[in-house]
Amino acid sequence: MRRQEEQRGSGPDEGGAAGPQAPGELPPYAERVLDVAELVPPGRVMTYGDVAEWLDEGGPRQVGRVMALYGAAVPWWRVVRSDGVLLPGHELRALDAYRAEGTPLREAPRSAEGHLPRLDMRRARWDGGAGGGGGQAARGAGDRSHI
């Protein structure tokens, strides 16, 4: 989906170490994670664990690491924590993107620090259907309705 020569930064920060790969070259796992991130439709999200399950490879921490190192060139705000908390340090940028895309949010209680909303995971979570494929669902095995 993406060109190998495309320059990637360090997640939403747009800078940082890219690891031992040659300039412009991504590790194969990172390329697959970023491909999934690009499939998530505007207004929807997948958790780090959802992406790992979609790929049938790695886990939430590995997906998070890929997004932190290479996610700047993809819609990083669509790959999120499972509790719906906005990415620390990037809350306002993510919130702007969510509002622009109409992503379902839950208002924070007044007692919450910073009063920032969370994602409404029940309504915002994308299961990979209608336009995407991968993981068990693409092979017709298993039920992904829990995602």
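Computed from a prediction, not measured in an experiment: that's the story for all the values here.
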Does any non-hydrogen side-chain atom of [Y] lie less than 4.5 Å from one of [X]?
| X | Y | result |
| --- | --- | --- |
| P104 | L119 | no |
| P60 | E53 | no |
| R61 | Y48 | no |
| T47 | R125 | yes |
| Y70 | V33 | no |
| R32 | W54 | no |
| V79 | V63 | yes |
| R99 | L95 | yes |

Item to check | CZ (R65) with more than 12 external heavy atoms under 6.0 Å | outcome: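 At most 12 heavy atoms, drawn from other residues, nucleotides or ligands, come within 6.0 Å of this atom.
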
Find the distance between [atom1] ([X]) and [atom2] ([Y]) and round it off to the nearest 0.5 Å.
| X | Y | atom1 | atom2 | value |
| --- | --- | --- | --- | --- |
| R118 | L105 | CZ | CG | 12.0 Å |
| M46 | W126 | CE | CH2 | 6.0 Å |
| D50 | D127 | CG | CG | 9.0 Å |
| L26 | L69 | CG | CG | 10.0 Å |

Item to check | With E107 via salt bridge (charged side-chain N to carboxylate O under 4.0 Å, His left out) - residues at least two apart | outcome: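 Scan of E107 (salt bridge (charged side-chain N to carboxylate O under 4.0 Å, His left out), adjacent residues dropped) gives none.
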
Checklist entry - Testing V74, V66, L55 for side chain to side chain contact (heavy atoms under 4.5 Å, CB included) with V36, which one passes? => result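 When V74, V66, L55 are each tested with V36, the side chain to side chain contact (heavy atoms under 4.5 Å, CB included) holds only for L55.
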
Could you tabulate the donor-acceptor pairs under 3.5 Å formed by side-chain atoms of residues 80-89, not counting sequence neighbours?
| unit_1 | atom_1 | unit_2 | atom_2 | d |
| --- | --- | --- | --- | --- |
| R81 | NE | D83 | OD1 | 3.2 |
| R81 | NH2 | D83 | OD2 | 2.7 |
| D83 | OD1 | V85 | N | 3.0 |

Checklist entry - What residues, two or more places apart in sequence or in another chain, satisfy side chain to side chain donor-acceptor pair (under 3.5 Å) together with D120? => result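 With sequence neighbours excluded, D120 shows a side chain to side chain donor-acceptor pair (under 3.5 Å) to R123, given in chain and number order.
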
Item to check | Set of residues satisfying side-chain contact (heavy atoms from CB on, under 4.5 Å) with respect to P42, sequence neighbours excluded | outcome: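 Only R78, E101 meet the side-chain contact (heavy atoms from CB on, under 4.5 Å) criterion with P42.
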
Next on the checklist: Run D96 and R93 through side-chain contact (heavy atoms from CB on, under 4.5 Å) and show every step you take.
Outcome noted: CA-CA 5 Å; D96 286 345; R93 288 176 54 207; 5.7 Å; no

Next on the checklist: Would you say the rings of H90 and W77 are close, in the sense that their centroids are separated by under 6.0 Å?
Outcome noted: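 Aromatic pair excluded; centres sit 6.0 Å or further apart.
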
Item to check | Taking every non-hydrogen atom, the tightest pair across T103 and V45 | outcome: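 Distance-wise, the nearest heavy atoms are CG2-CG1, 4.3 Å.
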
